[in-house]
Amino acid sequence: MASIGIAQPVGEIEIDDCWRQIGVRGDRSCPLLDQHLHCRNCPTYKTIARLLLDRAAPSAYRGGWPDKPSRAELGSADEEALQTVVLFRLGEEWLALPVGIFREVAESRRVHSLPHRRNSAVLGIANVRGELLICLSLAELLGIAERKEGEQGTPSKAFRRLVVVGERDDKRVAFTVDEIHGLHRYRERDRLAVPATIGKALSAATVAVLRWQGRAVGCLDPGQLLTMLDRSIA
């Protein structure tokens, strides 16, 4: 293609954009169009394209990409990692446990009582996917009053679930909850101090309080809770 276009600056070089002047995007007066049919088939077009690809980076980029922002630049909100817990209800109390100790949340099922129980918190055994697991009353261990459905001051509906927890798959126990909300994420700064008004057993296992939908949710210490569960079946 004849190079008789007007040179246009692109970045820090000038190109002869003849295809816009006398080529397919211009007045089509280029004498080489009959031979190449289209500007993209012309050696001149290909040479200019290669020149554009090989040109030096603009001066704005020559200093390299900006460094990763520091924590001070990001702000304190991004310094704190999000914690994930599972929210559930026992009676009127909403509680939270780290998602890592949960092994399964199953439909509520029949619990077979055990003879000669030494601890009233041990309800019996439940069949979970063919495995017999000891089922406990977490409400009794934590001193939480259990009320029957429909009783005054109690949610009108109960969506009971059987929760299986444990640090290892070979050491798991189960307990029944009245309702599972699901996952909740929070930052460390969202944790509040445990009030002195809660019961002794619940206070011993609670490390913080979260505000959620106008409610106070007790964050249970997973290690302390699993120790309490182990002791109850020893």
Side-chain angles (χ1 to χ4, degrees), residues 64-108 121 128 133 136-147 153-232:
W65 294 103
D67 294 332
K68 182 179 179 181
S70 64
R71 286 189 172 185
E73 293 172 328
L74 289 172
S76 59
D78 291 320
E79 292 182 25
E80 304 174 69
L82 285 170
Q83 308 293 322
T84 304
V85 292
V86 175
L87 303 184
F88 60 93
R89 179 174 61 84
L90 290 177
E92 296 180 26
E93 296 287 343
W94 280 94
L95 303 169
L97 272 171
V99 68
I101 75 164
F102 280 76
R103 292 293 173 262
E104 186 172 350
V105 176
E107 295 289 335
S108 181
V128 181
L133 297 176
L136 301 126
S137 171
L138 185 58
E140 180 157 342
L141 281 176
L142 298 178
I144 297 173
E146 293 185 286
R147 294 186 179 182
T154 303
S156 58
K157 291 184 179 180
F159 304 92
R160 292 187 175 87
R161 296 292 184 268
L162 188 70
V163 174
V164 180
V165 297
E167 292 181 312
R168 305 191 310 268
D169 287 337
D170 60 345
K171 193 176 183 181
R172 305 185 301 168
V173 295
F175 57 85
T176 299
V177 301
D178 292 316
E179 185 177 348
I180 287 276
H181 167 72
L183 298 180
H184 175 67
R185 293 179 175 84
Y186 69 93
R187 299 186 187 277
E188 188 68 25
R189 67 173 182 272
D190 298 327
R191 291 159 61 103
L192 304 175
V194 180
T197 54
I198 67 174
K200 182 178 179 181
L202 181 57
S203 176
T206 306
V207 292
V209 172
L210 295 175
R211 290 293 179 187
W212 171 74
Q213 295 186 0
R215 300 181 176 93
V217 179
C219 291
L220 300 177
D221 180 280
Q224 180 66 23
L225 179 67
L226 291 177
T227 298
M228 293 174 66
L229 294 174
D230 285 343
R231 288 176 179 172
S232 65

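Summarising the geometry, atom CZ belonging to Arg187 is positioned 8.0 Å from atom CG belonging to Asp190; distances are rounded to the nearest 0.5 Å. The CG atom of Leu82 sits 11.5 Å away from the CD atom of Glu188 when rounded to the nearest 0.5 Å. In this structure, the separation between CD on Glu140 and CG on Leu90 is 12.0 Å, given to the nearest 0.5 Å. One distance of note links CG of Leu229 with CZ of Arg172; it measures 14.0 Å at 0.5 Å rounding. A distance of 10.0 Å separates CG of Leu138 from OG1 of Thr176, quoted to the nearest 0.5 Å.
Closest of all the heavy-atom pairs between Ser232 and Leu136 is OG-CD2, 2.9 Å. When every heavy atom of Leu142 is checked against every heavy atom of Ala205, the shortest pair comes out as CD2-CB, 4.0 Å. Between Gln224 and Ala204, the closest heavy-atom pair is CG-O, 3.5 Å.
Looking at Val209 and Val217, their side chains never come closer than 4.5 Å, going by heavy atoms from C-beta outward. By the 4.5 Å heavy-atom criterion applied to side chains, Leu162 and Val128 are counted as neighbours. A heavy-atom distance below 4.5 Å is not found between the side chains of Leu97 and Val86. Side chains of Leu210 and His184 form a contact here, defined as non-hydrogen atoms less than 4.5 Å apart. The shortest side-chain heavy-atom distance between Val207 and Leu220 does not fall under the 4.5 Å cut-off. Two residues are said to be in side-chain contact when any heavy atoms from C-beta on lie closer than 4.5 Å; Leu133 and Val164 meet this criterion. Contact of the Leu95 side chain with the Leu202 side chain is registered, since non-hydrogen atoms from C-beta on lie closer than 4.5 Å.
Using a 30° and 60° split on the angle between ring planes, Phe175 and Phe88 fall in the tilted class, from 30° to 60°.
Between Asp178 and Arg161 no salt bridge is recorded (no basic side-chain N to carboxylate O distance below 4.0 Å).
For the pair Arg103 (side chain) and Gly100 (backbone), a donor-acceptor distance under 3.5 Å is present. Remark: the backbone N or O of Gly91 is paired with a side-chain donor or acceptor of Arg89 at under 3.5 angstrom.
At most 12 non-hydrogen atoms from other residues, nucleotides or ligands lie less than 6.0 angstrom from CZ of Arg211.
When each of Val85, Leu87, Thr84 is checked for a side chain to side chain contact (heavy atoms under 4.5 Å, CB included) with Leu183, only Thr84 meets the rule.
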Go through Gln213 and Trp94 one step at a time and tell me if the side chain to side chain contact (heavy atoms under 4.5 Å, CB included) criterion holds.
CA-CA 11 Å; Gln213 295 186 0; Trp94 280 94; over 6 Å; no
